[in-house]
Amino acid sequence: MTTGLPMTVADPSLPARVRIHEVGARDGLQNEKTAVPTAVKAEFVRRLAAAGLDTVEATSFVHPKWVPQLADAEELFPLVRDLPVRLPVLVPNERGLDRALALGAREIAVFASATESFAKANLNRTVDEALALFAPTVTRAIEAGLKVRGYLSMCFGDPWEGAVPIEQVVRVTKALAEMGCDELSLGDTIGVATPGHVQALLTALNEAGVPTSRIAVHFHDTYGQALSNTLAALRHGVTTVDASAGGLGGCPYAKSATGNLATEDLVWMLDGLGIETGVDLAALTATSGWMAEQLGRPSPSRTVRALSHKE
Ligand code: HMG
Ligand code: MG
């Protein structure tokens, strides 16, 4: 019999608090083959907020043909926008920004690629054409008083191009930072990173003038490295970590992308380290269990499974 919580043994060299940027309702559901009704998505977002997640990425205002799973953004957002949490939404261009602004979104995220192949697959643009698409979008969003996050995909490896040179990642991260993105989320879209690589990229970014305080990490767990990579980032001073409830996710335009780091696995580790997150692990696990029932398959999260089988 376990208590449902790890024993806490703090590591004073790590941050005291971590902000979890929950992406399950967007990064998770954008990749689901099962159609999820809008009301179920809204309930998912509400339950995530009630479990103590203070940033819940809600949906994307992208082209509905590109991501049909999130084509109901106009219906969904009004159902959740009054929740007392941060509700960022993805927008790829000014058209997406207009749609988000019309519904009262207060935070957006643009999403660049470190590689040409993924920029083409995900945005139908070269890397620099995509940056040119974002620049006026970010400027207008800032003028409208919105917070802007810049995602960068394929920071550690790319399914078409293989290893991605660190200088290439630094160049595009700097471009997003200079454009005005206040937070930069480094995506290991296909989950190939290892901790030394994480450390090397963070150091290179610092040397290029990007401070750790603006960096978030976004790991996928394809090779079981997401938690080790997160710990490497925490040791470097990163305090914002993206994760997806129940480990939902992938990317519709990167076939080898499997689930994101599961929020429950992350919270188990952070609770054990005595790092504050504000998240109630039992409520979160119940939410992911409920979502797994809606999707008709078990959660891939080890923590969700372990806690669900607890006597
Ligand atoms: P395109 O086909 O090049 O579009 O797609 P376009 O700019 O040529 O416009 C064509 C038509 O689409 C026009 O309509 C536009 O108005 C319309 P028409 O004049 O022909 O009637 N359009 C739109 N409609 C609704 N909303 C919009 C919009 N924009 C244009 N926002 C585009 C370019 C960027 C639109 C497309 O490629 C797209 O929507 N891509 C999104 C792909 C996506 O969402 N991928 C998943 C998110 S990224 C990710 O998951 C990775 C991440 O998690 C981090 C990680 O793990 O690495 C963030
Ligand atoms: Mg992702």
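Indexing begins at 1, ligand by ligand and atom by atom, following the structure's order. This structure is a prediction, so every number in the text was calculated from the model and none was measured.
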K.L.:
Counting only heavy atoms, tell me which of Val110, Thr137, Leu186, Asn93 gets closest to atom 35 (C) of ligand 1.
P.N.:
Asn93

K.L.:
Other members of the hydrophobic cluster containing Met7, with the 4.5 Å side-chain heavy-atom rule, please.
P.N.:
Val9

K.L.:
Could you tell me, atom by atom, which parts of ligand 1 come under 4.0 Å of a heavy atom of Ser153?
P.N.:
51 (C), 54 (C), 55 (C), 57 (O)

K.L.:
Grab the two heavy atoms, one from Phe44 and one from Ala245, that are nearest each other, plus how far apart they are.
P.N.:
CZ-CB, 4.0 Å

K.L.:
Parallel, tilted or perpendicular: which fits the ring planes of Tyr151 and His218, with parallel below 30° and perpendicular above 60°?
P.N.:
perpendicular

K.L.:
Quick one: report the N, O or S atom of Asp27 that is nearest to the Mg ion (ligand 2).
P.N.:
OD2

K.L.:
Once rounded to the nearest 0.5 Å, what's the spacing between atom CG of Leu266 and atom CD1 of Ile20?
P.N.:
4.5 Å

K.L.:
Which option wins on minimum heavy-atom distance to atom 17 (C) of ligand 1: Arg95, Glu129, Glu57, His63?
P.N.:
His63

K.L.:
Contact between ligand 1 and Arg26 is defined here as a heavy atom of the residue under 4.0 Å from a ligand atom; is it met?
P.N.:
yes

K.L.:
Charged N to carboxylate O under 4.0 angstrom, Glu107 versus Arg86?
P.N.:
yes

K.L.:
For ligand 1, which is the ligand I care about here, please tell me if Asp188 has any N or O atom under 3.5 Å from one of the ligand's N or O atoms.
P.N.:
no

K.L.:
May I ask which of Arg125, His218, Arg149 has a heavy atom nearer to atom 8 (O) of ligand 1 than the others do?
P.N.:
Arg125

K.L.:
Looking at Trp160 and Ala121, what are the two nearest heavy atoms and their distance?
P.N.:
CH2-CB, 3.9 Å

K.L.:
For the CZ atom on Arg99, are there more than 12 heavy atoms of other groups (residues, nucleotides or ligands in this structure) within a distance under 6.0 Å?
P.N.:
yes

K.L.:
Kindly indicate, with the supporting measurements, whether the criterion side-chain hydrogen bond (donor to acceptor under 3.5 Å, both in side chains) is fulfilled by Thr285 and Glu264.
P.N.:
CA-CA 7 Å; Thr285 305; Glu264 291 82 356; 4.8 Å; no

K.L.:
Should Phe118 be counted as touching ligand 1, given the test is an N or O pair under 3.5 Å?
P.N.:
no

K.L.:
Under a 4.0 angstrom heavy-atom cut-off, which atoms of ligand 1 come close to Asp27?
P.N.:
50 (O), 53 (O)

K.L.:
Which ligand 1 atoms does Gln30 reach within 4.0 Å, using its non-hydrogen atoms?
P.N.:
46 (C), 47 (C), 49 (C), 50 (O)

K.L.:
Going by the atom numbers of ligand 1, which of them fall below 4.0 Å from some non-hydrogen atom of His220?
P.N.:
56 (O)

K.L.:
Is it the case that one hydrophobic cluster holds both Leu5 and Val304, taking links as side-chain heavy atoms less than 4.5 Å apart, direct or via other members?
P.N.:
no

K.L.:
Suppose I only count heavy atoms of Asn122 and a 4.0 Å limit; which atoms of ligand 1 are within that range?
P.N.:
37 (O), 40 (N), 41 (C), 42 (C), 43 (C), 45 (N), 46 (C), 48 (S)

K.L.:
Pick, from Ser244, Pro92, Ala130, Gly191, the option with the minimum heavy-atom distance to atom 34 (C) of ligand 1.
P.N.:
Pro92

K.L.:
Suppose I only count heavy atoms of Val67 and a 4.0 Å limit; which atoms of ligand 1 are within that range?
P.N.:
43 (C), 44 (O)

K.L.:
Should you measure from each heavy atom of Leu123, which atoms of ligand 1 turn up under 4.0 Å away?
P.N.:
33 (C), 34 (C), 37 (O)

K.L.:
Return the minimal non-hydrogen interatomic distance between Val89 and Ala100, and the atom names on each side.
P.N.:
CG2-CB, 3.9 Å

K.L.:
Taking heavy atoms and a distance under 4.0 Å, where does Val23 meet ligand 1: side chain, backbone, both or neither?
P.N.:
neither

K.L.:
Suppose I only count heavy atoms of Gly96 and a 4.0 Å limit; which atoms of ligand 1 are within that range?
P.N.:
31 (N)

K.L.:
Can you say whether the rings of Phe219 and Phe156 are parallel (under 30°), tilted (30 to 60°) or perpendicular (over 60°)?
P.N.:
tilted

K.L.:
Name whichever N, O or S atom of His220 ends up nearest to the Mg ion (ligand 2).
P.N.:
NE2

